[in-house]
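First up is the structure itself, then whatever we jot down about it.
First the proteins, then the strands, lettered A, B, ... as listed; each starts at 1. The figures that follow rest on heavy atoms only: side chains count, while hydrogens, waters and symmetry mates do not. These figures come from a predicted structure and were not determined experimentally.
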2 protein chains.
Amino acid sequence: MTNIQPTFRALADPTRRDILLMLRDHDMTIGEVAENFDMTRAAIKKHLTVLSDGGLITVRAQGRERINTLNPLGMAPVLDWLTFFDAFWDDRLNALKSVIEKDNT
Amino acid sequence: MTNIQPTFRALADPTRRDILLMLRDHDMTIGEVAENFDMTRAAIKKHLTVLSDGGLITVRAQGRERINTLNPLGMAPVLDWLTFFDAFWDDRLNALKSVIEKDNT
DNA sequence: TTGACGTAATACCAAAAGGTTTCATATAAA
DNA sequence: TTTATATGAAACCTTTTGGTATTACGTCAA
């Protein structure tokens with residue numbers, strides 16, 4: 001379980017990443033999110049579904065509205081995957097870093 | 001500059017993520033990478049092009065071969081973007097913490 | 001030089017992705 | 001109750017994506 005693919009997929013679209021940044025400030029309904037983009041509510045709804053499938057947001061009903069909330073924990077698996085390269089970085093990134101720093105001085 | 005989209009896009013495919021993991025151990029030619037998958041060299045070549053566009057690998061010619069090398073620097077922008085949400089998590093956690101502390105006094 | 005090998009490049013195809021439109025449904029408000 | 005609002009859902013369209021097959025080109029080895 002804990003399939004990482006839906007999360008990577010959710011992060012791959014710029015509109016969805018923008019939505020995540022917006023939700024960082026406060027929860028939003030679908031309509032509120034849609035106001036910030038030049039596309040229909042239906043399109044935004046699809047994006048929110050993808051984000052939900054990726055575990056990056058949670059949705060709760062409140063009357064006729066749907067409140068979308070950021071779930072930062074959903075990013076953990078992605079971060080974990082990326083840190084698989086930590087060992088690699090220790091060896092080569094540091095070497096590169098010192099070269100760059102040398103270049104900037 | 002430093003457009004992050006090609007990098008997120010490159011990471012969104014499972015085959016490409018597998019390739020990155022393979023390149024962690026050692027550099028590989030296109031043919032060598034292709035041996036590990038049930039698809040044509042041409043398909044693998046396309047994936048490698050996407051990875052290169054995303055800045056996640058570098059390619060150098062060696063005779064008639066193309067050596068593909070992992071580029072850890074390419075992941076930095078993605079990590080930076082994701083850590084934007086670490087701050088979010090810290091904020092929430094700290095807020096919760098202060099509420100609890102307030103509650104206990 | 002000849003032939004095998006590794007890759008590049010193009011055309012092509014099916015499926016998925018991102019979007020719109022339309023209509024139905026549930027809830028809020030008058 | 002009537003009407004407006006917020007969303008859900010399906011059909012549909014276009015572009016992108018992931019893959020194949022084919023052909024051509026540069027390089028290595030006999």
Side-chain angles (χ1 to χ4, degrees), chain A residues 3-23 26-71 74 78 81, chain B residues 3-23 26-71 74 78 81:
Chain A
N3 186 9
I4 203 175
Q5 177 55 23
T7 311
F8 270 111
R9 189 219 158 186
L11 289 172
D13 183 88
T15 299
R16 289 194 289 266
R17 289 198 303 277
D18 284 345
I19 292 175
L20 290 176
L21 289 176
M22 286 178 192
L23 291 177
H26 47 78
D27 299 352
M28 299 173 87
T29 66
I30 299 177
E32 282 169 350
V33 173
E35 283 172 11
N36 293 277
F37 294 92
D38 187 24
M39 68 181 76
T40 62
R41 272 194 203 107
I44 294 295
K45 162 73 160 87
K46 282 191 183 181
H47 281 307
L48 289 169
T49 299
V50 174
L51 286 170
S52 176
D53 289 346
L56 294 171
I57 66 170
T58 58
V59 187
R60 69 178 186 279
Q62 190 173 74
R64 62 182 161 181
E65 296 180 335
R66 296 293 177 280
I67 315 289
N68 299 273
T69 306
L70 183 65
N71 177 29
V78 171
W81 191 91
Chain B
N3 187 9
I4 204 175
Q5 176 57 22
T7 310
F8 269 110
R9 189 219 158 185
L11 289 172
D13 183 87
T15 299
R16 289 195 287 266
R17 290 197 303 276
D18 284 345
I19 292 175
L20 289 176
L21 289 176
M22 287 178 190
L23 291 178
H26 46 77
D27 299 351
M28 298 174 87
T29 66
I30 299 176
E32 282 170 350
V33 173
E35 283 172 12
N36 293 276
F37 295 93
D38 187 23
M39 67 182 76
T40 62
R41 273 194 200 104
I44 294 296
K45 160 73 160 92
K46 281 191 183 181
H47 281 308
L48 290 170
T49 299
V50 174
L51 286 170
S52 176
D53 289 346
L56 294 171
I57 65 170
T58 57
V59 189
R60 68 177 187 280
Q62 190 174 74
R64 61 183 163 183
E65 295 181 334
R66 295 292 177 282
I67 314 290
N68 299 273
T69 306
L70 184 65
N71 177 30
V78 171
W81 192 91

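Put simply, the side chain of A/R41 never gets that close to the backbone of A/A34: no donor and acceptor are under 3.5 Å apart. Under a 3.5 Å cut-off, the side chain of B/D27 and the backbone N or O of B/T69 do not form any donor-acceptor pair. Distance alone, capped at 3.5 Å, is enough to place a donor-acceptor pair between the A/E32 side chain and the A/T29 backbone. Without hydrogens or angle criteria, B/N68 side chain to B/V59 main chain gives no donor-acceptor distance under 3.5 Å.
Between D/dG19, C/dT7, C/dA17, one nucleotide has an atom nearer to the side chain of B/R66 than all others, and that is C/dT7. Considering only side-chain atoms of B/A43, the nucleotide from D/dG19, C/dT20, C/dG18 that sits closest is D/dG19. You'll find that the side chain of A/A42 is closest to D/dA9, out of C/dG6, D/dA6, D/dA9.
Judged by closest nucleotide on DNA chain C, B/G31 is the one of A/G63 and B/G31 placed further toward the 5' end. Annotation: of the two residues near DNA chain D, A/R64 and A/I30, the 5′-most nearest-nucleotide partner is A/R64.
In this structure, the CD atom of A/Q5 is 9 Å from the P atom of C/dA17, given to the nearest Å. Atom CZ of B/R41 is separated from atom C1' of D/dT22 by 15 Å (rounded to the nearest Å). Atom CG of A/D53 is separated from atom P of C/dG18 by 12 Å (rounded to the nearest Å). Look at CD on B/Q62: it is 13 Å from C1' on D/dC28, rounded to the nearest Å. Whole-Å rounding puts the A/D13 CG to C/dA17 C1' distance at 9 Å. One atom, NZ of A/K45, and another, P of D/dA10, lie 11 Å apart when rounded to the nearest Å.
At a threshold of 4.0 angstrom between heavy atoms, the contacts of A/K46 include nucleobase atoms, whether or not backbone atoms are also involved.
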